[in-house]
Every structure is written in C-alpha cells, then in structure tokens.
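Since the structure comes first, as structure tokens, the remarks are kept for the end.
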Amino acid sequence: MGNRNKELKSKRRKALMGGGKARVDAQHEKNKLTARERLALLLDENSFEEWDIFVEHRSDSFGLDKQKFFGDGVVTGYGKINGRLVFVYSQDFTVLGGSLSEANAKKICKIMDQAMKVGAPIIGLNDSGGARIQEGVASLGGYADIFQRNVMASGVVPQLSLIMGPCAGGAVYSPAITDFIGMVKSTSNMFVTGPNVVKTVTHESVTAEELGGSHTHTSKSGVADFECENDLELIELIKKLFSYLPSNNKEKAPITPTKDKLNRKVLALDSVIPENPSIPYDMCEILINILDDKNFFEVQEKYAKNIIIGFGRICGESIGIVANQPKFLAGCLDIDASKKAARFIRFCDAFNIPIITFVDVPGFMPGLRQELGGIIKNGAKLLYAYAESTVPKITIITRKAYGGAYDVMSSKHLRGDVNLAWPTAEIAVMGAKGAVEVIFKSEVAEDGSKTEQLVKSYEEKFLNPFEAAKLGFLDDIIKPSETRGRIAKSLEMLKNKDLKNPWRKHGNIPL
Ligand code: HXC
C-alpha cells in the first residue's frame with residue numbers, strides 16, 4: 001500500500017508539471033498563464049475537483065508513443081465561481097501544444113455530459129494548436145464529438161469560451177457555438193485557415209493578428225464579444241459575466257442585493273433628449289443612470305456600435321438590455337446591428353432573462369451595400385428573435401420609432417408586455433420631411449415655400465407619442481426621470497409571466 005501511495009503521489013506530481021519546466025517557462029515568456037494557473041484564478045479556492053488527470057493517449061504514430069503526458073494536454077473537472085457550480089476544461093499548451101487528441105476530446109466530452117446532467121455551465125479555456133496532427137482522423141472525430149455536445153447544450157446550460165492562445169482550423173467552431181467568447185489581446189487568435197494558407201490560396205498577405213486577432217474579432221467580424229489585455233483580466237471579466245447568468249434554462253439568474261432604491265428618480269433624464277431631433281445623444285448614459293448602482297455590463301462594445309447590448313440589474317434582478325445608439329449611424333438598424341441584437345435576445349430568452357428595450361431608431365439603414373448584403377434576411381432575424389421570445393419584455397421609446405423599425409424593436413405587436421414612451425417620442429412611418437415629399441409631392445413641386453408649413457403640420461399630427469397611445473400601442477407616456485421605478489414595477493408584475501409558443505420541432509429563423 002505504501003508503494004502504491006508513493007506511486008500515486010509521484011504520478012500526480014508529474015501530471016501537475018504539464019509539459020515540464022522549459023515549456024512552462026516558454027508559456028510565461030509569451031505572457032500566458034498555464035492551464036492550471038488559469039483555473040486557479042477562475043475557480044473559488046479549493047473548489048476544483050479534477051477528473052481524468054491520469055488519462056494518456058493511445059497513439060503510437062509518428063513517435064507519439066514516446067511522448068506521453070498525464071492528462072494528455074487538457075485539464076478538466078468542476079469547481080465553483082462565487083459558490084456556483086461550473087464545469088471547466090483548460091487546454092494545456094505546454095503538452096504537445098494543447099493539441100486535441102482522441103483521448104483529450106473524450107475528457108472534454110465527459111465533463112460536458114456531466115454538466116448537462118446536473119444543469120451547470122460549461123467554461124472552456126482554449127489554448128491549442130488544433131487537431132493533434134499525428135492522430136489524423138481520430139482527432140477530427142474528437143472535435144465533432146465536442147461540436148455535437150456544444151449544440152445539444154446550446155440553450156440548456158450557458159457555455160462560455162475564453163480564447164487565450166491559438167484557436168485555429170475547425171477548432172474555432174466549438175467556441176463559435178458557445179454563448180460568449182472573450183479573447184486576450186496579442187496572445188490569442190482565431191481563424192479557419194492561417195496566414196500561410198491564405199497566402200497560397202487567395203494570394204493575400206495578412207498577419208495572424210489582422211486575420212484573427214482580438215481586435216479583428218471584437219470590432220470587425222463580430223465573432224468575439226470581449227477583448228482583454230491579459231489572461232487575468234479576461235478571467236475576471238468572465239466571472240462578472242457569469243454573475244448575470246442562471247446556471248441552466250430552468251433557473252433564473254441569481255438576485256444580487258442592492259441598496260439602490262426601486263423608485264430612485266433620475267432628474268437628469270428629463271432634459272437628456274436634445275430639442276433638435278437630428279442631434280445625437282449617448283444612450284449609454286441613460287442606461288447607466290437607470291440600472292442598479294449604475295452598473296452596465298456591455299457585450300460586443302466595439303462591434304455594430306449603432307446598437308447596444310448588455311446586462312444590468314434592476315432591484316437585484318438580472319436583465320438583458322437592447323438599445324439603439326443615436327450616437328452612431330443615428331441608431332439605424334443595419335445588418336450587423338440586427339444580427340448582434342438578435343443573438344443576444346435569443347440568449348436572454350433561452351435563459352429566462354427579461355429583455356428591456358430602449359428605442360430611438362430612424363429606421364433600417366438604406367443603401368445598395370445593405371440590400372446586397374441581405375438586410376432583408378438579416379433584419380428579419382431581429383424581428384424573429386423578438387417575436388418568438390417569451391420572457392418579460394419591457395420597451396421604452398425615448399425618441400424616434402420610425403417605420404418598420406418601430407414594429408421590430410419589441411413593439412406591442414410583437415408581444416411586448418409593457419410598452420412605455422417618453423413625451424419626446426416620435427412614432428411615425430417616417431420623418432416629417434420625407435413624409436411631406438411623398439404625400440405632397442405635387443404641392444411642393446408647385447410651390448416650394450409650402451414645404452415648411454406642411455412639415456410642421458405633419459410633425460404636429462404624427463411626431464409624438466399620443467397617436468400610438470390612443471391606439472393602445474403604448475401602455476403609458478411617462479416622465480423620463482421615473483423610468484427606473486416604472487421598469488421595476490413592471491418586472492415585479494411580470495414575475496410569474498407564463499407564455500408558451502405552439503409546439504414545433506423548431507422554427508426556421510432566417511439564417
Ligand atoms: C501536434 C502540435 C500541434 C498539433 C503544435 N504542436 N500544434 N503537435 N499537433 N496540431 C506542438 C509542436 O510540435 C511543438 O512541440 C509544441 O506543440 C509547441 O508548438 P510550437 O510550434 O513550438 O509553438 P508556437 O511557435 O507558439 O506556435 C504555435 C502554433 C504552431 C501557431 C499553434 O504550433 C502551429 O502552427 N501548429 C499547427 C497548427 C495546425 O495546423 N493545426 C492543425 C489545424 S487543422 P515540440 O515538441 O516541438 O515543443 C485542425 C482541424 C480541426 O485543427 C478540424 C475540426 C473539425
């Protein structure tokens with residue numbers, strides 16, 4: 001027995017060394033933490049229970065039989081974040097470049113299966129050279145086994161991805177299916193094919209950073225949601241994100257107690273909307289002032305800035321926020337904004353997080369680029385996401401709600417539960433000038449001086465919230481300073497909302 005204990009101790013010690021000192025030093029030199037250091041920062045102290053520390057690969061191709069490491073390049077198990085259970089896998093770049101083998105894929109699948117059985121989130125820390133090249137198709141099979149589980153877990157338990165090193169080839173498709181992706185500046189990248197293949201196939205010369213760095217994916221492609229300076233910053237951010245989420249689709253997000261008063265008035269909001277409707281303002285300021293303790297956790301901050309998405313709380317309850325941002329492109333809905341908001345709405349709906357929508361939208365973005373890019377199908381994604389969602393939906397129109405965009409932005413017609421407007425709201429088919437040019441075309445052509453008078457009369461009739469309120473499309477017109485209290489009361493009223501969509505295998509969202 002004494003010998004067995006010794007053997008166990010020695011094997012465990014070996015496993016904890018990963019790929020050995022030289023490789024760990026190389027990892028640190030690249031400003032990267034090791035797989036185990038990352039988990040130690042992510043999980044509550046002493047909460048980590050590791051599984052499969054003694055797993056080894058079974059391949060003998062290309063000398064692999066002489067390169068065996070306990071754990072085989074991925075650390076897996078479960079632990080707690082602020083007392084809440086999560087399952088984790090952390091790829092160990094110091095062991096064969098964290099490459100994915102058949103054995104190491106099985107370890108990942110095992111914890112994914114267990115997470116599904118107990119209804120706990122799955123968090124993946126990615127740092128890998130991709131498929132273990134020596135293993136060939138066995139490794140590819142491992143990836144597909146993970147993809148299948150990612151899809152089955154989608155909408156059942158939250159799945160979060162931290163990209164902390166290379167993530168290339170088909171390997172990118174596992175994080176792509178997960179709910180949120182965070183990347184570390186300079187040390188992480190994601191691409192389907194690297195710069196060398198790109199050069200050969202398309203003759204384009206690009207750096208890995210341009211092709212798949214954190215800036216590219218958080219501001220241009222929209223593939224990733226967060227960009228952080230280093231491993232530690234990303235881990236802290238993911239913990240914060242997790243605090244807004246429930247553990248699974250049958251639970252609600254935890255309540256975070258606050259001293260912020262339910263009825264706190266924000267007097268500054270009564271004068272936040274400029275007199276001139278063409279002048280922009282910062283919608284973020286409104287959101288921050290309304291939320292508990294002025295905390296707004298923005299998602300995809302640098303991508304499609306004309307729409308804002310993120311999490312906050314009101315009276316301790318986690319809420320998802322979608323808001324047009326008049327500061328960028330006048331808050332127009334374009335392809336990127338529609339996709340960004342639609343995916344976020346579907347996440348909130350899947351995980352019982354009420355959706356609060358702030359509207360100031362002059363319409364869908366016109367133009368050839370948008371039409372050729374498929375604004376019709378992409379805009380429909382946003383409409384579809386709002387229409388199918390069954391969580392509590394509260395809408396506040398601060399200023400413009402024009403045309404189709406009025407319908408789309410969580411209107412009463414798309415089963416908005418509580419639809420409110422500020423007195424500055426303008427709910428109309430279009431802006432007054434455009435409307436006059438269409439309906440009084442001949443009068444204006446005959447006598448241009450009439451335009452101003454006609455614009456004024458159209459503005460008086462339609463550019464206000466009263467017409468919509470008259471039709472019952474708005475439940476009330478409220479003082480901006482009272483918005484927080486009105487949302488809080490609405491959320492309380494909606495606590496037991498029970499709305500179900502008709503049975504179907506699944507809908508056919510315009511992808
Ligand atoms: C086996 C690998 C590996 C891999 C890296 N290593 N990637 N071993 N399979 N995929 C090993 C290296 O041989 C090396 O071992 C150690 O890990 C560290 O790698 P380095 O190259 O020294 O590190 P670095 O210079 O930082 O470069 C990292 C890298 C590079 C950019 C990731 O290693 C690389 O280009 N790797 C190959 C990437 C790739 O083509 N993967 C397959 C993609 S296709 P030693 O013993 O020398 O230290 C794919 C298909 C998935 O993934 C499809 C799913 C559907």
Side-chain angles (χ1 to χ4, degrees), residues 17-35 55-75 89-109 112 124-151 161-178 183-201 206-214 216-217 223 231:
M17 284 163 59
K21 188 171 177 325
R23 284 192 172 88
V24 169
D25 288 347
Q27 178 86 346
H28 287 155
E29 269 159 33
K30 287 182 199 156
N31 263 334
K32 287 161 65 179
L33 297 173
T34 64
V55 159
E56 293 176 11
H57 69 75
R58 290 178 288 275
S59 173
D60 56 7
S61 313
F62 302 100
L64 266 187
D65 49 335
K66 290 177 200 74
Q67 294 193 70
K68 291 207 173 185
F69 297 84
F70 289 126
D72 201 33
V74 67
V75 184
Y89 70 87
S90 183
Q91 293 175 327
D92 185 351
F93 192 81
T94 68
V95 173
L96 296 164
S99 54
L100 190 110
S101 66
E102 183 188 14
N104 126 353
K106 281 208 167 100
K107 285 180 65 172
I108 296 175
C109 290
M112 292 179 87
L125 291 80
N126 297 262
D127 186 1
S128 161
R132 186 160 306 160
I133 296 165
Q134 299 91 323
E135 284 199 15
V137 72
S139 162
L140 297 186
Y143 270 119
D145 290 338
I146 296 170
F147 299 158
Q148 179 65 46
R149 282 164 178 79
N150 284 134
V151 173
S161 298
L162 294 81
I163 314 295
M164 307 178 113
C167 182
V172 295
Y173 287 112
S174 171
I177 300 166
T178 65
M183 294 182 75
V184 179
K185 260 188 200 167
S186 312
T187 50
S188 76
N189 47 53
M190 296 177 80
F191 33 68
V192 173
T193 46
N196 293 341
V197 178
V198 169
K199 178 90 187 148
T200 312
V201 178
V206 278
T207 63
E209 192 59 31
E210 285 166 334
L211 197 59
S214 57
T216 296
H217 286 314
V223 164
D231 289 7

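Just follow the structure's listing: the first ligand is 1, and inside any ligand the first atom is 1. Treat the numbers as computed from the prediction; the structure is a model and nothing was measured.
A donor-acceptor pair under 3.5 Å is formed between the side chain of His217 and the backbone N or O of Met190.
Ser99 pairs by the side chain to side chain contact (heavy atoms under 4.5 Å, CB included) definition with Leu96, Arg132, not counting sequence neighbours.
Defined by atom type and a distance below 3.5 Å, a donor-acceptor pair is missing between the side-chain atoms of Asn31 and Thr187.
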Less than 3.5 Å apart, N/O on ligand 1 and N/O on the protein: could you list those pairs with the distances?
| from | atom 1 | to | atom 2 | distance (Å) |
| --- | --- | --- | --- | --- |
| ligand 1 | 9 (N) | Ile133 | N | 3.2 |
| ligand 1 | 10 (N) | Gly129 | O | 3.1 |
| ligand 1 | 10 (N) | Ala131 | O | 2.8 |
| ligand 1 | 17 (O) | Gly97 | N | 3.0 |
| ligand 1 | 26 (O) | Lys30 | NZ | 3.0 |
| ligand 1 | 41 (N) | Gly129 | O | 2.7 |
| ligand 1 | 46 (O) | Arg23 | NH2 | 2.8 |
| ligand 1 | 48 (O) | Arg23 | NE | 3.3 |
| ligand 1 | 48 (O) | Arg23 | NH2 | 2.8 |
| ligand 1 | 52 (O) | Ala131 | N | 2.9 |

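Geometrically, Lys107 does not engage Tyr89 in a cation-pi contact, judged by NZ or CZ lying under 6.0 Å from the ring centre and within 45° of the ring axis.
Among all heavy-atom pairs drawn from Ile177 and Tyr173, the shortest one is CG1-O, 3.1 Å.
Using a 4.5 Å heavy-atom cutoff, the side chains of His57 and Leu64 are in contact.
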